[in-house]
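Here is the structure we will look at, set down as structure tokens.
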Amino acid sequence: MSKLLYKLEQKFGKYAIPNLPLFLIICYAFGFLMNLIRPQWIDVVTLNPYAILHGQVWRLVSWVLVPEETNILIVLLVMYFYYSIGRTLEKTWGSFLFNVYVFSGMFFTVVGAFLLYAFFSIFGAGWIEFQEGAMLASYGAECPAWMGGSYIYAIIAQFFGTFYINMSIFLAFAIMYPDMKVFLFGLLPIKVKFLGIFYCLILGIEIVTGFFRGGFYFGMMELVSIGMSLLNTVIFFIATKKGKYKSPKEIKRQHEYKVKIKKATPVSRHKCAICGRTDESNPELTFRYCSKCTGSYEYCEDHLFTHRHIG
């Protein structure tokens with residue numbers, strides 16, 4: 001996997017989006033404003049496979065606008081936090097690898113949404129039909145096109161969003177910098193590895209309780225939406241051995257550094273076993289091996305005939 005990433009970066013690295021965290025933050029901010037001005041607009045951009053297959057293809061990418069929070073103070077804190085750790089990861093890995101990590105997370109999220117749609121189409125068609133009928137009776141009208149044309153799939157689409165993409169970025173940061181401290185609630189210092197473990201436990205509990213709280217189909221929504229959104233984290237750190245990936249620029253930089261060090265550090269061919277002088281430090285001296293010493297002992301001209309023989 002590391003070799004594949006290396007080859008891809010050599011070929012496509014120049015197309016990587018620099019400062020990608022900034023673009024993500026802009027999307028979040030735009031989505032927050034959409035929700036603030038008119039909350040119904042969010043239903044137009046969610047990741048709804050049913051709506052996508054009925055012509056609303058913009059949802060394949062527009063779901064990144066769905067806001068994670070609706071409280072402006074929390075949104076500002078979240079944007080600042082994720083921008084900071086995103087920039088740190090981008091500087092550590094380089095723009096190309098960070099791009100691959102984030103966009104693969106988005107790709108797996110879209111795949112997860114369609115897998116869940118296929119699952120319900122094959123195994124849960126009856127459940128979907130029953131729930132849709134109940135929603136129609138409750139609202140007294142069919143689901144409008146701007147919501148995707150299906151009340152149930154509009155609800156399922158809400159399980160896929162930017163929250164888990166942000167979570168994957170945080171987990172990557174926690175793995176790369178486990179001992180770095182952050183201030184919880186602005187007061188309590190805590191290492192990010194403990195926060196990472198805590199969030200993983202919360203996600204696991206959320207999946208398990210989903211099956212008990214809402215039944216098998218609700219649990220599957222939780223399992224697929226969380227599992228597929230974080231699949232990039234699992235694949236990436238297994239394939240690249242915990243993120244120890246070197247970009248072509250880094251490899252080139254290290255190679256040039258080694259060449260400079262090699263040139264700067266001359267290698268001595270001759271060294272006196274008594275005084276330690278070499279042909280580099282004293283080029284005027286003559287060095288010879290002693291035939292009476294056991295082993296390869298070399299002496300300068302000042303000690304060749306005066307040293308005590310070894311062996």
Side-chain angles (χ1 to χ4, degrees), residues 19-48 58-59 61-90 102 105-106 109-110 112-113 146-148 151 153-174 177 180-210 213-214 218 221-222 224-230 233:
N19 202 4
L20 181 59
L22 177 61
F23 289 95
L24 295 176
I25 293 303
I26 291 174
C27 289
Y28 301 157
F30 187 77
F32 172 76
L33 291 176
M34 284 178 56
N35 186 69
L36 189 66
I37 297 171
R38 194 174 183 82
Q40 293 89 340
W41 288 349
I42 297 300
D43 288 314
V44 182
V45 298
T46 55
L47 182 54
N48 186 335
W58 65 82
R59 293 176 182 266
V61 293
S62 64
W63 61 274
V64 298
L65 299 175
V66 178
E68 192 175 307
E69 293 285 347
T70 56
N71 184 293
I72 187 169
L73 292 178
I74 296 178
V75 167
L76 291 175
L77 288 174
V78 166
M79 289 195 300
Y80 173 76
F81 178 71
Y82 283 112
Y83 176 76
S84 299
I85 64 175
R87 283 292 290 160
T88 301
L89 284 176
E90 186 177 39
V102 172
M106 294 179 178
T109 300
V110 173
W146 58 268
M147 282 187 64
Y151 288 114
Y153 283 114
I155 294 174
I156 295 175
Q158 296 175 8
F159 282 78
F160 297 91
T162 56
F163 175 78
Y164 297 122
I165 298 299
N166 289 339
M167 182 60 67
S168 72
I169 294 175
F170 173 75
L171 291 178
F173 182 80
Y177 302 98
M180 184 172 287
K181 292 182 179 180
V182 296
F183 288 89
L184 193 62
F185 306 117
L187 299 173
L188 181 64
I190 184 171
K191 292 184 178 180
V192 292
K193 63 181 177 182
F194 296 126
L195 279 179
I197 293 172
F198 173 75
Y199 281 130
C200 287
L201 289 174
I202 291 297
L203 293 175
I205 293 172
E206 188 175 334
I207 292 173
V208 173
T209 55
R213 185 175 70 248
F218 187 85
M221 296 179 205
E222 294 278 16
V224 175
S225 61
I226 294 175
M228 291 300 294
S229 298
L230 300 180
T233 305

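Residues take their numbers from the sequence shown, with the count starting at 1. Predicted, not measured: the structure shown is a model, and the values here were computed from it.
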To the closest 0.5 Å, what do you measure between [atom1] ([X]) and [atom2] ([Y])?
X      : Y      : atom1 : atom2 : value
Phe218 : Ile156 : CZ    : CD1   : 10.5 Å
Phe160 : Ile165 : CZ    : CD1   : 11.0 Å
Tyr151 : Asp43  : OH    : CG    : 10.5 Å
Tyr177 : Ile85  : OH    : CD1   : 11.5 Å
Cys200 : Leu171 : SG    : CG    : 5.0 Å
Met106 : Thr109 : CE    : OG1   : 8.0 Å

In the structure I gave you, are the side-chain heavy atoms of [X] and [Y] within less than 4.5 Å of one another anywhere?
X      : Y      : value
Leu230 : Met167 : yes
Leu65  : Phe32  : no
Asn19  : Tyr83  : yes
Ile169 : Leu89  : yes

Indicate the atoms forming the closest heavy-atom contact of [X] with [Y], along with that distance.
X      : Y      : result
Ile42  : Gly31  : CD1-O, 3.8 Å
Leu20  : Glu90  : N-OE2, 3.4 Å
Leu73  : Asn71  : N-OD1, 2.9 Å
Ala174 : Gly196 : CB-CA, 4.4 Å

Exercise. Please name the residue in the list Tyr164, Phe173, Phe163, Phe170 that meets the ring pair (Phe, Tyr, Trp, His ring centres under 6.0 Å) test with Tyr199.
Key: Phe170

When you measure from the side chain of [X] to the backbone of [Y], do you find a donor-acceptor pair of N or O atoms at a distance under 3.5 Å?
X      : Y      : result
Trp58  : Val44  : yes
Arg59  : Thr46  : yes
Ser229 : Ile226 : no

Quiz prompt | Within 6.0 angstrom of Lys193 NZ, more than 12 heavy atoms from elsewhere | solution = yes

Quiz prompt | Over 12 non-hydrogen atoms of neighbours within 6.0 angstrom of CD1 in Ile72 | solution = no

Exercise. State plainly whether the residues Glu222 and Arg213 are in salt-bridge range, i.e. N to O under 4.0 Å.
Key: yes

Quiz item: Could you walk me through whether Leu24 and Val64 pass the side chain to side chain contact (heavy atoms under 4.5 Å, CB included) check?
Solution: CA-CA 8 Å; Leu24 295 176; Val64 298; over 6 Å; no

Exercise. Show the numbers, then the answer: is there a side chain to side chain contact (heavy atoms under 4.5 Å, CB included) between Val66 and Asn35?
Key: CA-CA 8 Å; Val66 178; Asn35 186 69; over 6 Å; no

Quiz item: Between Ser168 and Val102, is a side chain to side chain contact (heavy atoms under 4.5 Å, CB included) present by the stated rule, with each step listed?
Solution: CA-CA 8 Å; Ser168 72; Val102 172; over 6 Å; no

Self-check item: Test side chain to side chain contact (heavy atoms under 4.5 Å, CB included) applied to Tyr28 and Thr162, step by step
Solution: CA-CA 8 Å; Tyr28 301 157; Thr162 56; 3.6 Å; yes

